[in-house]
Asks: 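Okay, here's the structure, questions in a sec.
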Amino acid sequence: MKEYLERRKKLISKMPKNSLAIIFGSNSLIRNGDVEFPFRQNSDFFYLTGFEEPNAVAIIESDDSGEFTIFCQDKDPSKEQWEGNRMGPKNCKNIGAKEGFSIEVFSEEISNFLINKERIYYQKDLNNSLEDIVNKNIAMLKKTTSRSNNFVPEEIHSIDSLLHEIRLLKTKEEIKIIRKACEISSAAHIRAMKNVYPEMYEYQLEAEYVHEFMKNGAKACAYPSIVGGGKNACILHYNENKDQLLDGDLVLVDAGCEFKGYASDITRTFPINGKFSKAQEAVYEIVLEANKECIKTVRKNFTPNDTEKKAVEIITQGLLDLNILNGEIKELIERKAYHDFYMHRVGHWMGMDVHDVGSYGLNGNWRKYLPGMITTIEPGIYFKQDLKNVPKEFLNIGIRIEDDVLVTDGDPEVLTSSVPKDLKKVESIMRS
Ligand code: GLY
Ligand code: MN
Ligand code: MN
């Protein structure tokens, strides 16, 4: 609970006096019929409260010492018989809240928090019906407070820039959890390398990941696993995972577990029969070089754009060496000649959300890496079937190598370093 209190204190320290933060949790979502998707709490809400039930709202006041008020589901023995235990407003002290209300009275009670506050912060466009209730209450209070010495918030801000700056810098406790998520996902990639075989189905290989995740305490994937054999590797977010893996093809697997609310995000590309062909090897070595060189830039005084430039430079040079591009490197980079083969960016912040929050720029400039930030490094090269001027042996090859990297005071720390990526090491682990 202390970690959540510290986070709320950090948020309060950024809120001007007499402000109110209203943080919405997630609602349950119907999958089909009366079956719900597994519930996943909203990351901002979880970050500040640690509370995992649906249909809740947290109220944080700038003049408080880090305490908060919770609106949550009522106790309901008959529902709890089916759905499991609910905390209930009366037990709000269990999560460090000073006061608890039923979510059913949110629309009646919220005006008591809004009145005489100068500004409010909330997550815009997250929960339209609760946002509506807040806005209607402000409008109603405007009428009832006119010609009185009470007032209502004039400023309504998105909380994102305040809260997400805090989330971007991970604490020691968070890094410990992410490290563990990365360890579990690394073990899953090694398991898959050892167990893949020609004619296996992509979803069967996916099962190896799910097995390893759950066996090690990670009950969910951080995102839908991408298991793309052969040409499917060229579809960036392919996750149907329905085809057979063929002898002689590569398989690209982008899979990471979520552990205690934190993501990991790893991609490895390996030969289904255990041995890279010459053409596969040539492309793999370019992507691997880009991965390694980009990781070296994840340090203080560098920016995500420095990392991107490094990826573009190495991939463009690699495509020149393969005679897939021709010309002068500077001019090829300027006109983005690599874009048909490398069309995403080289990294993104990672944390509670796989594509985590936090801006990439500050005041119109790229921001510098700081210790505690975690970024992925994931260069790739994809030769789609229909590309012109690409020798036939390269068509349908898609390769991405993705690691999760922590910025430190010194050298970058690769949190996913236990999964092999050097070509000979990949082949060797596949034989073992
Ligand atoms: N797993 C999604 C991504 O790498 O961005
Ligand atoms: Mn990924
Ligand atoms: Mn990624």
Side-chain angles (χ1 to χ4, degrees), residues 40 43 167-168 170 178-179 181-193 202-203 205-206 208-210 212-213 218 220-229 232-241 250-259 261-270 284 287-288 290-292 294-295 297-298 304-305 307-308 310-312 315 341-360 369 373-382 398-407 412-421 426:
R40 166 60 159 80
S43 297
R167 275 181 57 190
L168 180 56
K170 276 68 182 170
I178 296 173
R179 207 188 289 285
C182 289
E183 269 169 29
I184 296 171
S185 298
S186 300
H189 278 271
I190 291 173
R191 182 188 176 94
M193 287 176 184
E202 290 165 340
Y203 55 78
L205 188 58
E206 183 182 3
E208 299 291 338
Y209 285 83
V210 176
E212 196 68 26
F213 292 169
C221 296
Y223 52 91
S225 302
I226 296 166
V227 184
N232 293 340
C234 298
I235 305 168
L236 296 179
H237 281 175
Y238 172 80
N239 57 29
E240 282 178 284
N241 304 349
L250 296 175
V251 60
L252 179 157
V253 185
D254 184 343
C257 69
E258 181 175 279
F259 181 70
Y262 287 82
S264 52
D265 185 7
I266 307 181
T267 308
R268 288 292 184 269
T269 311
F270 42 97
Y284 191 92
V287 178
L288 184 62
N291 167 288
K292 288 183 177 176
C294 286
I295 286 173
T297 68
V298 182
N305 199 40
T307 312
E308 187 62 51
K310 183 58 79 183
V312 162
I315 289 171
F341 319 102
Y342 166 60
M343 63 297 284
H344 54 78
R345 292 192 65 83
V346 79
H348 52 80
W349 305 132
M350 194 194 74
M352 298 187 95
D353 297 316
V354 62
H355 295 163
D356 207 28
V357 294
S359 68
Y360 292 82
Y369 292 118
M373 293 176 174
I374 295 179
T375 183
T376 65
I377 293 296
E378 49 180 304
I381 295 181
Y382 313 89
I399 295 175
R400 177 162 69 252
I401 305 173
E402 176 174 29
D403 286 300
D404 304 335
V405 185
L406 169 69
V407 187
E413 183 184 336
V414 183
L415 303 173
T416 46
S417 60
S418 61
V419 207
K421 59 186 173 186
V426 171

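Computed from a predicted structure; not experimentally measured. Counting starts at 1 for both ligands and their atoms, following the listed order.
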Asks: Please name the pair of heavy atoms, one in A222 and one in S264, separated by the smallest distance, quoted to 0.1 Å.
Replies: CB-O, 3.8 Å
Asks: Quick one: do the E378 and H348 side chains pair a donor with an acceptor below 3.5 Å?
Replies: yes
Asks: Are S43 and D353 close enough that a side-chain donor and a side-chain acceptor fall under 3.5 Å?
Replies: yes
Asks: Checking the side chain of H237 only, and the main-chain atoms of P224 only, is there a donor and an acceptor separated by less than 3.5 Å?
Replies: no
Asks: Is a salt bridge present between R268 and D403, judged by a nitrogen-to-oxygen distance below 4.0 Å?
Replies: yes
Asks: Do T297 and T307 have side-chain atoms, one donor and one acceptor, less than 3.5 Å apart?
Replies: yes
Asks: Give me the one residue out of I178, I374, V298 that meets side chain to side chain contact (heavy atoms under 4.5 Å, CB included) with L406.
Replies: I374
Asks: Measuring from each atom of ligand 1, which residues have a heavy atom under 4.0 Å away?
Replies: Y223, D254, D265, H348, H355, E378, E402
Asks: We want to know whether N239 and Y223 form a side-chain donor-acceptor pair, criterion being a heavy-atom distance below 3.5 angstrom.
Replies: no
Asks: Pick one: which of N291, I226, I381, V253 meets side chain to side chain contact (heavy atoms under 4.5 Å, CB included) with R400?
Replies: I226
Asks: Closer than 2.8 Å to the Mn ion (ligand 3), how many protein N/O/S atoms do you count?
Replies: 4
